[in-house]
Amino acid sequence: MNREHLKDIVEEKLAAVEIVDIHTHLFPASFEGMLLWGIDEILTYHYLIAEYFRYSEMEYADFFRLPKSEQADLVWNTLFLERSPVSEAQRGVLTVLKRLGLDVGARSLNVYRDHFRSLTLEQHLDNVFKAAGVKEVVMTNDPFDPQERGIWKQGAAQDPRFKSSLRIDPLLLDYPQVVRTLQAEGYEVDADLGGNSAAEVCRFLEDWIKRIDALYLGASLPATFSAADASLSWRVLKECVLPVCREHGLPLALMLGVKRRVNSGLELAGDSVGKAEIGVVERLCAEYPANKFLVTMLSRENQHELAVTARKFRNLMIFGCWWFLNNPSLIEEITVMRLELLGLSFLPQHSDARVLEHLIYKWDHSRAVLGRVLLEKYEDLLTAGWNLTEEQIEADLGELLGGNFYRFLQA
Ligand code: FIX
Ligand code: ZN
């Protein structure tokens, strides 16, 4: 295969690969009111709200009191009409509009609104999955959210494209608070994790794993999350979460390095980043070799040590360029480094889509970076005299964008 041909093949295979998106905040249409979609949701994504307040003097609370369409008007005027939309989140809106066949040059929010109003959700879902090249997404399913609990208990219709993951942040971060919810659901737990509590927490987790058919358990944890033995968080982890994961062969996904609400007035847009402690990951992987860990870290400063740690532990699968790292320059830097340290044994990206149409821009932009980076690596192989085949390139991409995930689940 020559260099010209190689470029075409990488592009062709990347366009054709069907992606498994291992972390999103999306839901099927049957989850009444939980799936966000449409132009007003796209414009009020918390990434864009943070950017809106770079330019606006408005009181945060006044903004959040407005109906969503008025919030969207403000974001649109400020971030798209009054200046050029060069940030990654701004560019994402343009990619979505363009890929949905709308006239980006028209700059008419009302035309875009009319378009979304004319769609049926079911048809639109099919179109978005197709445009994004996504086969399956993993949801973030929160058993502590009353709305979601109700939906699962009623038994909403399933959509095979939507897989489940059990999100357990409050259990690890605020156990005394969740005790009341657990008690109200019939689990005999006390606030100190005494008596039969650990067994009851395990029962709670197992009931939910079964109810939602979870592919993994997950939590996003603060930069300060430490392995201090005596803490209640660590006890819940050791006595409940890890044994249940082990028992069911499920990975625990740890998303490390968030600083929640550094500016609480901004609500979801007020979360930030801190460098986390890689020692927590090393210790978990070393002390619990029969457990599997899917790990992503939010801080750029953690990326090198995280990739090195994955070289040391086969029960560690690193994934994604999360949130503030989901920018082309950083995805490129991180993906090159991971390829050089780990070969193809990682999951380069997840979308973290909160709004359905995010699937389109997040994957379009990441796919382009991945293509550039891989092409360079394949060119190096040609230079070294290695023979590349179309089949092998297709297989490599399949591993990176889905195969590695399922292989890790089965390991
Ligand atoms: O904790 C998480 O799953 C984060 O991804 C979100 O909470 C965050 O708000 C987000 O949307 C990042 O992309
Ligand atoms: Zn997320």
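Counting convention: from 1, in listed order, for ligands and their atoms alike. Just so it is clear, the model here is predicted, and its values are computed rather than measured.
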Does an N or O anywhere in D271 fall below 3.5 Å from an N or O of ligand 1? no
Output yes when R161 and D21 qualify as a salt bridge under the 4.0 Å nitrogen-oxygen rule, no when they do not. no
Is any side-chain N of the basic residue among K210 and D207 closer than 4.0 Å to the acidic one's carboxylate O? no
Using a 4.0 Å heavy-atom cut-off, say whether H358 meets ligand 1 through its side chain, its backbone, both or neither. neither
Tell me which part of H350 gets within contact of ligand 1: side chain, backbone, both or neither, using heavy atoms under 4.0 Å. neither
Identify the closest protein heavy atom to atom 13 (O) of ligand 1: which residue and atom is it, and at what distance? Y47 OH, 2.5 Å
Atom 4 (C) of ligand 1 - nearest protein heavy atom and its distance: W322 NE1, 3.6 Å
Angle subtended at the Zn ion (ligand 2) by NE2 of H25 and NE2 of H23, to 10 degrees? 110°
Can you tell which of R167, R354, H23, H46 gets a heavy atom nearest to atom 7 (O) of ligand 1? R354
Output the list of atoms in ligand 1 that are nearer than 4.0 Å to some heavy atom of S220, sorted by atom number. 1 (O)
Using only atom types and a distance under 3.5 Å, with no angle test, would you say the side chain of [X] pairs donor to acceptor with the backbone of [Y]?
X: E332; Y: V369; value: no
X: Q303; Y: S299; value: yes
X: N302; Y: M297; value: no

